[in-house]
Colleague: 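Have a look at the structure that comes next, please.
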Amino acid sequence: MTFWELFEYPFMQRALMAAAFTGVAAPAVGTYLVQRRLSLMGDGIGHVAVTGVALGLLTGTSPTWTAVLVAVVGAVVIEAIRSRGHTNGDVALALLFYGGLAGGVLLSGLGGESSARLQEYLFGSITTISVADVVVTMALATVVLVVGIGLSPQLFAVAQDQEFARVTGLRVGFYNVLVAVLAAVSVSVAMRTVGLLLVSALMVVPVATSQQLTRSFRTTLLTAMVLGAAASIGGLVLSAYLSFHATVAPGPTIVLLSLAGFAVTWPVGAWLRRRARLRAPFPAVPPADHEPTEHRHQHGPDCGHVAVRHGDHVDYVHDGHRHAEHGAHYDEH
Amino acid sequence: MSVTQTTTPIQLADGAVAIGGRPVLRHIDLEVPAGEFLALMGANGSGKSTLVRALIGLRPLTDGRLSLFGTPIERFHAWARIGFVPQRGGATSGVPASVWEVVASGRLTHRRLFRPLSRTDRAAIDEALEVVGLASRANDGVGTLSGGQQQRVLIARALAAEPDLFFLDEPTAGVDLANQISLATSLARLKERGATIVLVAHELGPLASLVDRAVVMRDGRIAYDGAPLADHAVHEPAFGDAHTHHHHASHHLHDHVPVVRSPLEGGR
């Protein structure tokens, strides 16, 4: 069997479909979580969903649906603790983290499930995904996308400034719960792809990567979705390719590929920010007095010194000085 | 901008607010007629910000009756007529947002769900940016602007809704004189259009010439209500502690980031 023949197998096609939908949907919600500085919320919900999966395995129902159900309940509880109580959001998350994980492991033990079965959900097993699961994944991902993009003006405003949003008449509480529910749904969707313990990575890392390069919310959101899909599909294909030589699980490959994207983008972002800061115009305040400076070479577009706008002319930054052309000489500005 | 209101924008009778059971505002009677520029002044902790938050429904009244444009606050839904400019700090978040996007979020009161921006919406956003002098920065990230510019973004966000009643909470705090003057110019244009403006300020500075009426708060009650006062008069002993220095009011936002307080770092 060659690498290309692999794509003719139905399990691989199902896996690719699931990866594509998950990869697009997870960052769509993740962007709002990052905007609220709740990047770890996906992780908290993921841990709670472990209990849901165990419950499904114990009762013999579909773990996907019990995971969705328990994750939604968990997300709403996290949101309630965060908004009502005087507990910090991260404390609320921590409480649910531990409860969810411990409950899940305990329940699956009670049910006599092997740890391998639970592990499929903890670290993902996209290649064993069934047709029914692919359909559910696609449907839920579509719901997440429609709501996440369709209501983006409202969700953006609420996450940006809750009090202002309330004064514009938005039902802030409703939108907060909506984001929590969307996060829970996308966690359950991504569960089969990267696993509950790595779910948050797919929601947050593409956003972190895209905001290295973007200045607006819209482009951050859209770029994150593209990056998420690229990482999911790329990671799956890469792991399939590598699996001819070694045992490579798709879930961690997707996450590591996504992180590699961040590692590559971060220096570029840092460089862009530094450049933008260097080239920001100086305030248009005229210099205090006329101060000619000794200077040998001719400043110009190619002289290698940073040219910065200063009111109606250009200053050249040269060894910590600002040189402005004045007739035949340069002035210190 | 519609200036069709025949009813009084703000009517508050015997208003009281308690925060966590502790009475903060008592016996507040305040009526603001249409088109008035009201300065709400007073020392820190005198309750001026709390009063504004109560007037826009962010703080529930524990007593008294509040009507906005003749409608009791419980039944008030015409939020498009209200513009609110919070204290600086709400401009940035965990994800970059452009100036245009933040200002566009002020237009939400006019938009219906799942609908794109209309041409009227876009025109209002562009005009709001023009008024505060940030049209050229529309595509820049809010986080890259200076403090005074971020404050103007928040003003433009409120302006975009084309409201009749404006609340500004300390827009001049920590803003240099040049930016205060450009703020005064923006507010003067609003006033010309007939908007009613309630301004919370510690010091009026260049805004003084716009003010029609001053209300000075002291310890949760109205200590003075009448003609505009000079900045120093507000700090007379009758209105509270004499003040010679300037504070920034602190934010009490819930944040998931744990606040580290230690003797060496001081408060937040």
Side-chain angles (χ1 to χ4, degrees), chain A residues 30-41 82-93 146-147 149-170 204 207-208 210-221 224 273 276-277 280 283 285, chain B residues 20 53 56-58 76-87 89-102 104-111 113-117 121 138-144 146 154 157-158 160-161 163 167 169 178 251 253-259:
Chain A
T31 308
Y32 298 107
L33 296 182
V34 174
Q35 195 191 6
R36 290 154 179 259
R37 303 182 202 274
L38 280 173
S39 309
L40 290 179
M41 180 137 173
R82 199 185 64 81
S83 63
R84 296 281 154 70
H86 286 259
T87 325
N88 277 330
D90 67 328
V91 177
L93 288 177
V146 168
V147 178
I149 295 176
L151 291 178
S152 62
Q154 284 78 15
L155 293 172
F156 168 79
V158 171
Q160 185 79 12
D161 189 342
Q162 296 220 2
E163 296 201 328
F164 179 80
R166 192 164 290 154
V167 179
T168 57
L170 289 180
V204 170
V207 182
S210 80
Q211 63 172 300
Q212 295 301 316
L213 307 175
T214 55
R215 286 182 301 185
S216 74
F217 184 80
R218 230 169 96 102
T219 44
T220 308
L221 179 66
R273 283 189 293 274
R277 200 164 49 239
V285 182
Chain B
R53 296 163 65 80
I56 50 179
L58 287 177
F76 184 77
H77 294 297
W79 292 107
R81 300 186 72 175
I82 311 283
F84 171 52
V85 182
Q87 291 187 0
T92 56
S93 67
V95 168
S98 72
V99 169
W100 190 91
E101 284 172 324
V102 173
S105 69
R107 196 66 197 166
L108 276 176
T109 40
H110 291 270
R111 292 177 66 182
L113 297 179
F114 294 106
R115 295 285 173 81
L117 284 166
D121 292 331
N139 293 321
D140 288 356
V142 169
T144 64
S146 71
L154 297 186
R157 181 176 67 174
F167 293 92
D169 196 352
H251 283 280
L253 295 174
H254 286 291
D255 201 316
H256 81 293
V257 179
V259 179

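Protein chains get the first letters and strands the later ones, always in sequence-line order, with residue 1 at the start of each.
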Colleague: What distance do B:R53 atom CZ and A:E163 atom CD have between them, rounded to the nearest 0.5 Å?
Modeller: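 Going from CZ on B:R53 over to CD on A:E163, the span is 4.0 Å.
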
Colleague: Can you give me the closest heavy-atom contact between B:G94 and A:Q211, atom names plus distance?
Modeller: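 B:G94 and A:Q211 have their closest heavy atoms at O-OE1, 3.2 Å.
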
Colleague: When you look at A:R215 and B:T144, which way does the side chain to side chain contact (heavy atoms under 4.5 Å, CB included) test go after all the steps?
Modeller: CA-CA 9 Å; A:R215 286 182 301 185; B:T144 64; over 6 Å; no

Colleague: Where is the tightest heavy-atom contact between B:V95 and A:F217, given as atom of each residue plus distance?
Modeller: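 Heavy atoms only, the tightest pair is CG1-CD1, 3.6 Å.
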
Colleague: Within the distance-only criterion (no hydrogens, no angle test), does the side chain of B:E101 pair as donor or acceptor with the backbone N or O of A:S216 below 3.5 angstrom?
Modeller: no

Colleague: So for atom CZ, which belongs to A:R273, do other residues, nucleotides or ligands contribute more than 12 heavy atoms lying within a distance under 6.0 Å?
Modeller: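 Enclosed: over 12 neighbouring heavy atoms sit under 6.0 Å from CZ of A:R273.
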
Colleague: To the nearest 0.5 Å, how far apart are OG1 in A:T168 and CD1 in B:I82?
Modeller: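 Going from OG1 on A:T168 over to CD1 on B:I82, the span is 11.5 Å.
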
Colleague: Please state whether the side chain, the backbone, both or neither of A:R277 comes within less than 4.5 Å of a heavy atom of chain B.
Modeller: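 Neither part.
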
Colleague: Could you measure the distance from the OG atom of B:S93 to the CZ atom of A:R37? Nearest 0.5 Å is fine.
Modeller: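 Separation between the atoms: 6.5 Å.
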
Colleague: With only heavy atoms counted, which part of A:L40 is less than 4.5 Å from chain B, the side chain, the backbone, both or neither?
Modeller: neither

Colleague: What's the shortest heavy-atom distance between A:A157 and B:L108, and which atoms?
Modeller: CB-CD1, 3.2 Å

Colleague: So, taking the atom named CZ in A:F164 and the one named CZ in B:R157, what distance separates them when rounded to the nearest 0.5 Å?
Modeller: 4.5 Å

Colleague: Checking B:R107 against chain A: side chain, backbone, both or neither under 4.5 Å from a heavy atom?
Modeller: neither

Colleague: Looking only at heavy atoms, what is the nearest atom pair of A:V146 and B:F114, with distance?
Modeller: O-CE2, 3.9 Å

